[in-house]
Amino acid sequence: MSAFELKSLDECLEKHLPAEELSEVKRILYGVEKDQTLKLPADALATAKEHAFEIKGYRFTARQEELRKPRIVRVGAIQNSIVLPTTAPIAEQREAIWKKVRAMIKAAAEAGCNIVCTQEAWTMPFAFCTREKFPWCEFAEEAEKGPTTKMLAELAKAYNMVIVHSILERDVEHGETIWNTAVVISNSGRYIGKHRKNHIPRVGDFNESTYYMEGNTGHPVFETEFGKIAINICYGRHHPQNWMMFGLNGAEIVFNPSATIGRLSEPLWCIEARNAAIANSYFTVGINRVGTEKFPHEYTSGDGRPAHKEFGPFYGSSYVAAPDGSRTPSLSRCNDGLLVTELDLNLCRQVKDFWGFRLTQRLPLYAESLQKAKELDFKPQIIREK
């Protein structure tokens, strides 16, 4: 990392640029012509101050239509660090994170959020770098009946809020295997369903296939009172086909709960979810944890560096992107935070009508090409000079 810690790009721009230049730079960076700041209620701001986390609010508007009313939805994205040392008892580690995030969900409710999503594997340290099975596998729990889902179901019902949360899942009905899973809880407090991570990294310290393999749930879209939502978990954001399938299944908002570190992926972070929003005419919500996590035993990264105990820093920077290519500023790179964003889901269809990406998508052409590409005797279509 650099010699100083940059809290956020926006903070740096606002510190050094005159107001007129700043406005133009933000127009170019974020694709917005005017200020998109959303004024947040005083009680939400007070909760954030009391519990020492950042809270920011932004909005995306859509053109006023004659036949359809605006479909206004507020989403909350939560990024956070772990609380206790990774050597603390498992139950205490999880309870401490629960306590922190419960306060953030309370603030989201006070800010009028209809849907809230956590970061990837939010109830635990991201211990998959260690390649150790114990004690980390003890964090795994059932998707529908596990303690975290039960706890959040009470909040979802109390706050009339859909909650999406990402956990290490224990599948007790199929050999007690482990999966990386996102769970969707209705605003009624009932379990709607789950989605398992489709693409598993084998890069750097992300040794996740030591613990779980590629998911088997396809590309489900969950129809809620507040819109059709989907979850593209972490590494799946590097695969355009993954994003595409959620769009083909009708998603209007796709959450990307993640855990990724600086230097490895930060240049990609601000691009991928935004590109997906453009290509698929839906909103995307990128969420990343913060902090550096220290583990009891040294591990190696396979890159020639000495063995070490620390994993990170996770650079936060959660943001929301719209189907017209605009996006919010990011949350902090280093602090806990709640990003509240108001969306008009009518923008999804308006962008489809304007750009015609679905009209010109040519799925049969690519289906035929992919059918050929998956065969063992496939030969690339390369034409050479004779």
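Classification of the F357-W355 ring pair by plane angle, with boundaries at 30° and 60°, yields parallel. Using a 30° and 60° split on the angle between ring planes, F53 and H51 fall in the parallel class, below 30°. Below 30°, between 30° and 60°, or above 60°: for H165 and W122 the angle between ring planes is above 60°, a perpendicular geometry.
Here the rule is side-chain hydrogen bond (donor to acceptor under 3.5 Å, both in side chains) with R196, and of N180, T217, D171 only D171 fits it. Residue F128 forms a ring pair (Phe, Tyr, Trp, His ring centres under 6.0 Å) with just one option from F206, W136, F139, Y212, and that option is Y212.
In summary, the side chains of D205 and S301 do present a donor paired with an acceptor at a separation below 3.5 Å, with no hydrogens or angles considered. Counted by atom type alone, E110 and T47 present one or more donor-acceptor pairs between their side chains at under 3.5 Å. No hydrogens or angles considered: nothing links the side chains of T148 and T123 as a donor-acceptor pair under 3.5 Å. Judged purely by distance below 3.5 Å, without hydrogens or angles, the side chains of D336 and S81 pair a donor atom with an acceptor atom.
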I would like to know whether R289 and N80 meet side chain to side chain contact (heavy atoms under 4.5 Å, CB included); could you show each step before the answer?
CA-CA 5 Å; R289 68 174 58 201; N80 60 276; over 6 Å; no

Step by step, work out the side chain to side chain contact (heavy atoms under 4.5 Å, CB included) result for V25 and L13.
CA-CA 9 Å; V25 166; L13 293 174; 4.1 Å; yes

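Listed by chain and number, the residues in a ring-ring contact (aromatic ring centres under 6.0 Å, His included) with H199 are H239 (sequence neighbours excluded).
Within the 6.0 Å centre-distance limit, the rings of F246 and H195 are counted as a close aromatic pair.
In E14, the CD atom is crowded: over 12 heavy atoms of neighbouring residues, nucleotides or ligands sit closer than 6.0 Å.
Taken together through direct or relayed side-chain contacts under 4.5 Å among Ile, Leu, Val, Met, Phe, Trp and Tyr, L345 and V221 form parts of separate hydrophobic clusters.
Comment: R202 engages E214 in a salt bridge, judged by a side-chain N to carboxylate O separation of less than 4.0 angstrom.
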